[in-house]
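Along the sequence shown, the residues carry numbers beginning at 1.
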Amino acid sequence: MEPATFVLFGATGDLAKRKIYPALFQLFVDQKLPSSFSLIGLGRRELSHETFRSNVEQSLITFSRSEVKDADVVKKFLRAFRYHVLDVDRKEDYTKLLQVIEEREEELNITPNRMFYLSVGPEFFETIAANIHESGLGSANGWKRLVIEKPFGHDLVSARKLNHKLNQAFDEAEIYRIDHYLGKPMVQQMGQLLHSALSEQDLRTRDIASIQISANETLGVEERAGYYDHAGAIRDMFQNHMLQLLMMLTIELPNRSAVEEVGKLKRKVMKTLKPLNKMDVSHHIVRGQYGAGEIKGGQVVGYTDEPGIALESQNDTFIAARLQVNDPFWKDTPIYIRTGKRLKEKVTRIVIEYKSRGPLKDLLIVEIGPNEGIFFQRSQSGQERSDIEMPVRSQLSFTKEGGKDAYETLIHDALIGDKTYFAHWDEVELSWEWVQPILDAYRENLTPLHIYPAGSYGPHEADELLERDGFHWWFDFKNVSNNDATKGDIHTYEYNT
């Protein structure tokens, strides 16, 4: 791996502490960092190098998946860390930063390969990119890369404006848009595992009746009120994570996708996604907001009673959608997506339901979190939701590589220049194009906001969305515990991953 300088904007922030430093440390332990590696942490507050390193060490102790018990290993890792004060709006600070980086590169005798990681609010993206360009920070004999976190804009117009500004400083090939769902091992291996399951259960020639993709959270808005009340579920989860899961699933069925074709095929899916008109949004979209209720035996307040949320807020904390992909394989298959906060259980799950002439329903279930695996299940179907009875569930085992975190994968890929599992601008733009009519309908109050009790599965209108087509959400066990509901004989099949 080529030597590199990792320039981290927002080095004292929560994301850096919880995700970036533990990921870098694990890559170091696994010998997946460049042998010559330098990290320059940037922030507004005054810190000595020693204090900065001490803070990083504390984040490793608190959040690393590997035990931090070998002091020599930690010390060796932290030798690469330096701290520098920078105000993102002050142009002269970037000139000083360039001098610091060049001195460090000369000291280590390394090629000026520079990765700029923006672990900051999206309102700073344009300013930082422009100042990197104007100061000459990105003008080097080596490569330069820009890593940014979502959100990539807040609507179609702002996303295009942001991309235009970024492209004035970086080429598209140099921009790495992180969507951490794409770094999850289960998502990256989904295609291989799906096709093993299809062969094992002889499902390759079976017609699919429907697809369900759920990402349910038990948490509320927590400490993110300032951001979330402007974003909502549609911007925070749906436009990025959920549509990415849809793309990743549909490019693998019916045929296995080559890794080098992933980006091209994902864009093809978005181009064939049937568009919505804002006047028809209410027929395909259910919009919700959580009210007071009970989570894990404890009472919780409704969204508008959360600290930092206005009493009159119409922000969405839940969205369910009915989508259709207009290509020969998917054209008759409804796809249902939902995501929301303060729901009954925390789970990210894909359910593929197969057509059947009789009462039995065959399901292929992709569990992405918190448990991971692919299952085949034959379940009773009927008005009484007898999918609770599970005579046979076959598990295609999946072992997460040492508990590998998504950020480890994505940071490593960015360092080696592999953009396979990063969001390309075309995908981002196409996603915003599809979502924009929903945003317009929300703004004009063309779609009602349904209040649902915390601890439920969302508004009952989300159930009706499926019932109109003769389906129901699988595994919404409203009257039994999840443990009781998933009992049955389990047959496990091992596959190499």
Side-chain angles (χ1 to χ4, degrees), residues 1-88 93 96-97 100-101 103-105 107-110 113-121 124 128 145 147-149 176 178 180 183 185 222-224 400-416:
M1 188 185 297
E2 295 179 278
T5 301
F6 192 106
V7 185
L8 179 59
F9 291 80
T12 61
D14 194 58
L15 178 65
K17 294 174 186 175
R18 290 176 175 270
K19 292 294 183 180
I20 298 173
Y21 299 140
L24 287 170
F25 179 65
Q26 191 62 50
L27 291 173
F28 176 78
V29 170
D30 295 340
Q31 298 183 339
K32 291 183 178 179
L33 281 184
S35 54
S36 293
F37 177 78
S38 173
L39 185 143
I40 311 290
L42 305 174
R44 295 187 66 171
R45 72 181 75 164
E46 293 280 353
L47 290 178
S48 67
H49 298 315
E50 292 72 22
T51 301
F52 176 52
R53 293 186 190 112
S54 177
N55 292 343
V56 172
E57 182 175 5
Q58 187 57 51
S59 78
L60 302 181
I61 293 169
T62 307
F63 299 112
S64 177
R65 70 178 177 87
S66 289
E67 283 191 64
V68 183
K69 55 186 179 181
D70 191 326
D72 289 338
V73 171
V74 174
K75 186 176 181 180
K76 187 176 179 181
F77 172 67
L78 293 175
R79 278 186 204 142
F81 285 63
R82 301 289 187 277
Y83 183 79
H84 184 73
V85 176
L86 181 136
D87 184 327
V88 297
D93 283 6
K96 294 175 184 176
L97 174 61
V100 169
I101 292 174
E103 288 175 356
R104 183 72 175 137
E105 289 169 342
E107 177 187 344
L108 297 174
N109 191 28
I110 61 175
N113 298 321
R114 298 165 189 168
M115 189 161 93
F116 302 96
Y117 196 121
L118 274 53
S119 178
V120 296
F124 299 116
I128 293 174
R145 291 167 192 155
V147 181
I148 59 174
E149 297 273 345
Y176 290 69
I178 277 193
H180 72 267
E222 306 303 311
E223 305 298 323
R224 304 171 70 214
K400 193 173 177 180
E401 185 185 336
K404 194 173 183 180
D405 180 80
Y407 275 85
E408 295 170 32
T409 300
L410 294 173
I411 289 173
H412 179 263
D413 286 353
L415 284 168
I416 64 175

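Using a distance-only test at 3.5 Å, with no hydrogens or angles considered, a donor-acceptor pair links the side chain of Arg53 to the main chain of Phe81. Side chain of Arg18 to main chain of Phe63: no donor-acceptor pair is present (N/O by atom type, distance under 3.5 Å, no hydrogens or angles). In terms of modelled atom types and a separation under 3.5 Å, the side chain of Tyr21 and the main chain of Ala11 share a donor-acceptor contact. Put simply, the side chain of Arg104 never gets that close to the backbone of Ser38: no donor and acceptor are under 3.5 Å apart.
Legend: residues meeting side-chain contact (heavy atoms from CB on, under 4.5 Å) with Asp93, ordered by chain and number and at least two apart, are Leu86, Asp87, Arg90, Lys96. Not counting sequence neighbours, the partners of Val120 by the side-chain contact (heavy atoms from CB on, under 4.5 Å) test are Phe9, Leu118, Phe124, Phe125, Ile128. Annotation: side-chain contact (heavy atoms from CB on, under 4.5 Å) contacts of Ser35 (sequence neighbours excluded): none. Partners of Tyr83 according to the ring-ring contact (aromatic ring centres under 6.0 Å, His included) rule, which considers only residues two or more places apart in sequence or in another chain, are Phe52. Applying the side-chain hydrogen bond (donor to acceptor under 3.5 Å, both in side chains) rule to Glu50 yields no partners; only residues at least two apart in sequence or on another chain are considered.
At least one side-chain heavy atom of Ile20 sits under 4.5 Å from a side-chain heavy atom of Ser119. The closest side-chain heavy-atom distance from Met1 to Leu415 is below 4.5 Å. Between Tyr117 and Glu149 the shortest side-chain heavy-atom distance falls below 4.5 Å. Thr12 has its side chain out of reach of Asn55: every pair of non-hydrogen atoms, C-beta onward, lies at least 4.5 Å apart.
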May I have the list of side-chain donor-acceptor pairs in residues 70-78 shorter than 3.5 Å, sequence neighbours left out?
unit_1	atom_1	unit_2	atom_2	d
Asp70	OD1	Asp72	N	3.1
Asp70	OD1	Val73	N	3.3

